[in-house]
J.: 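Take this structure, written in structure tokens, and hold onto it; I'll ask about it next.
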Amino acid sequence: MPFGSGAGPLTDPPAAEQAYDEMVTGAGRLRRHWSSLIGALTSLPEGGLAERVAAAHEQFARDGVSYRVPGDPREVVRPWSFDLIPLVIGADEWAALEAGLAQRARLIDAVLADLYGAQALIAEGLVPPELVFANPEFLRPCRAAEGGAGRPMLHLYAADLVRAPDGRWRVQADRTQAPAGLGYMLENRRVLSRTLPEALEVLPVQPLQPFLELWQASLEGLAPPGTLRPRVVLLSPGPSGEAYFEHIYLARELGITLVESGDLTVRDGAVHLKTLSGLSRVDVVLRRVDAEQCDPLELRPDGASGAAG
């Protein structure tokens, strides 16, 4: 698999290898998997592409797509940036990426299950204990002797990928906390299909709907056995979150309830949603807040994005 750890500083490549050209080979020829898209673009009338770009930005503005820059004290809401020309990846290369990232996710899940369970990796000297116990991200109250009890610890995974000058992909960062971007990806595809349908007509594009259906089914499958109609909620920090638009979008697409910390309470060891008709038990919480913010009683006392208990 063409993957590196992404650890350590990235160094500048030699002058002759400043970048990998995604569209054109070193001999100046168009890469085969780009030919259909370029053909569709060149068939547009003069000024047609600029009109499509303007239409896409208008659509994003109508949909209210925006985000906040993390850590920006000004809390400025910025419009979503979008490139109408998609990055085209060949089917064979995509299959290798898919297999490699799935393998990486399984490995990270196994490591998490061990570190929050039996901790055999530490006992056998494969992981230095100081890397775990001195890490503020390691949440001691979440540890259980039996680990995940057969269930995955990692329910959603994303990676930051970078293309090296030699054309090989590298993983620059793993996103396991509450990876953002899925809602924006879905919105990007929707806007692209409306403003540049030619791109989807000439390319064998992977559909996104099966992923949503699988994700929805996997969330419902986390409910206690015997639950006929699981109640799944998406826990969001609210409008102050940098990706609040995405939280709204995902809740709608997945058919689940969007909630904030004040909407939830814990009674008799179970999470409940406050409704006008009383408390309604919640079976699954899709967390879009940092883990340490989930419980001010057990984790961070100043955590205002979760529910005590």
Side-chain angles (χ1 to χ4, degrees), residues 3-10 67-75 101 104-149 151-162 170-182 222 233-244 246-247 250 259-262 264-266 269 271 284-309:
F3 291 94
S5 66
L10 296 177
Y67 71 102
R68 296 176 186 269
V69 178
D72 189 339
R74 298 170 299 173
E75 295 190 355
L101 290 174
R104 193 179 184 92
R106 290 193 297 269
L107 173 61
I108 294 174
D109 178 70
V111 171
L112 281 172
D114 179 77
L115 294 181
Y116 280 99
Q119 297 187 339
L121 292 173
I122 296 176
E124 296 172 10
L126 298 174
V127 174
E130 59 270 18
L131 290 184
V132 178
F133 301 122
N135 191 328
E137 297 293 327
F138 181 69
L139 305 181
R140 295 171 185 265
C142 297
R143 191 189 167 214
E146 67 276 9
R151 290 189 172 189
M153 293 284 289
L154 185 65
H155 298 282
L156 193 62
Y157 166 74
D160 290 347
L161 298 176
V162 61
R170 298 290 187 271
V171 175
Q172 192 173 22
D174 296 296
R175 306 292 180 181
T176 61
Q177 177 69 266
L182 284 171
L222 295 172
V233 301
L234 188 152
L235 177 59
S236 168
S240 61
E242 62 261 20
Y244 187 58
E246 179 177 64
H247 301 166
L250 288 178
V259 301
E260 298 178 30
S261 59
L264 302 178
T265 184
V266 178
V271 180
V284 180
V285 178
L286 174 58
R287 173 175 60 82
R288 306 303 293 179
V289 301
D290 289 345
E292 62 182 7
Q293 296 282 342
C294 285
D295 189 341
L297 186 63
E298 294 285 352
L299 300 172
R300 280 186 53 174
D302 59 341
S305 300

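Being a predicted model, the structure only gives us computed values, none of them experimental. All values below were derived from every heavy atom in this structure, side-chain atoms included, with hydrogens, water molecules and symmetry-related copies excluded.
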J.: Please check: side-chain N/O of Glu292 versus main-chain N/O of Leu139, any donor-acceptor pairing under 3.5 Å?
T.: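 It does not hold such a pair.
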
J.: Using every non-hydrogen atom in the two residues, find where Arg288 and Pro237 come nearest and quote the distance to one decimal.
T.: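 Here Arg288 and Pro237 meet closest at O-CD, 3.7 Å.
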
J.: Distance check, rounded to the nearest 0.5 Å: Cys294 atom SG versus Leu264 atom CG?
T.: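 The distance works out to 10.0 Å.
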
J.: Which pair of heavy atoms, one from Val171 and one from Ala159, lies closest together, and at what distance?
T.: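 So the two residues come closest at CG1-CB, 4.1 Å.
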
J.: Can you name the closest pair of heavy atoms from Pro296 and Ala307 and give their distance?
T.: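 Answer, listing the atom of Pro296 first, then Ala307: CD-C, 3.9 Å.
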
J.: Closest approach of Gln119 and Phe138, non-hydrogen atoms and distance?
T.: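 Looking at all heavy atoms of both residues, the closest pair is NE2-CZ, 3.9 Å.
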
J.: For Val271 and Val233, what are the C-alpha separation, side-chain angles and deciding distance, and is it a side-chain contact (heavy atoms from CB on, under 4.5 Å)?
T.: CA-CA 10 Å; Val271 180; Val233 301; over 6 Å; no

J.: Show the numbers, then the answer: is there a side-chain contact (heavy atoms from CB on, under 4.5 Å) between Leu121 and Val132?
T.: CA-CA 11 Å; Leu121 292 173; Val132 178; over 6 Å; no

J.: Can any side-chain N or O of Arg140 pair as donor or acceptor with the backbone N or O of Phe133 at less than 3.5 Å?
T.: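 Answer holds: yes.
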
J.: Check whether any side-chain heavy atom of Leu222 lies under 4.5 Å from a side-chain heavy atom of His155, and answer yes or no.
T.: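 Yes, their side chains come closer than 4.5 Å.
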
J.: Specify the closest pair of heavy atoms between Glu246 and Leu182, including all atoms of both residues, with the distance to one decimal.
T.: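 Where Glu246 meets Leu182 most closely, the heavy atoms are OE2-N, 2.7 Å.
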
J.: For the CG atom of Asp109 and the CG atom of Asp114, what is their distance to the nearest 0.5 Å?
T.: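 Output value for this atom pair is 11.5 Å.
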
J.: What are the two closest non-hydrogen atoms of Tyr157 and Ile108, and how far apart are they?
T.: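 Minimum heavy-atom contact is CE1-CD1, 3.7 Å.
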
J.: Starting at CG of Asp290, measure out to CG of Leu299 and round the result to the nearest 0.5 Å.
T.: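 Atom-to-atom, Asp290:CG and Leu299:CG are 11.5 Å apart.
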
J.: Quick one: pull up CG in Leu154 and CD in Gln177 and give me the separation to the nearest 0.5 Å.
T.: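 It comes to 11.0 Å.
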
J.: Counting only N and O atoms by type, is there a donor-acceptor contact under 3.5 Å from the side chain of Arg287 to the main-chain atoms of Val289?
T.: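 Yes; judged by distance alone, with no hydrogens or angles, the pair exists.
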
J.: Please confirm whether the backbone N or O of Asp295 pairs with a side-chain atom of Arg300, one donor and one acceptor, at under 3.5 Å?
T.: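 No, the answer is negative, given that no donor and acceptor are paired below the 3.5 Å cut-off.
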
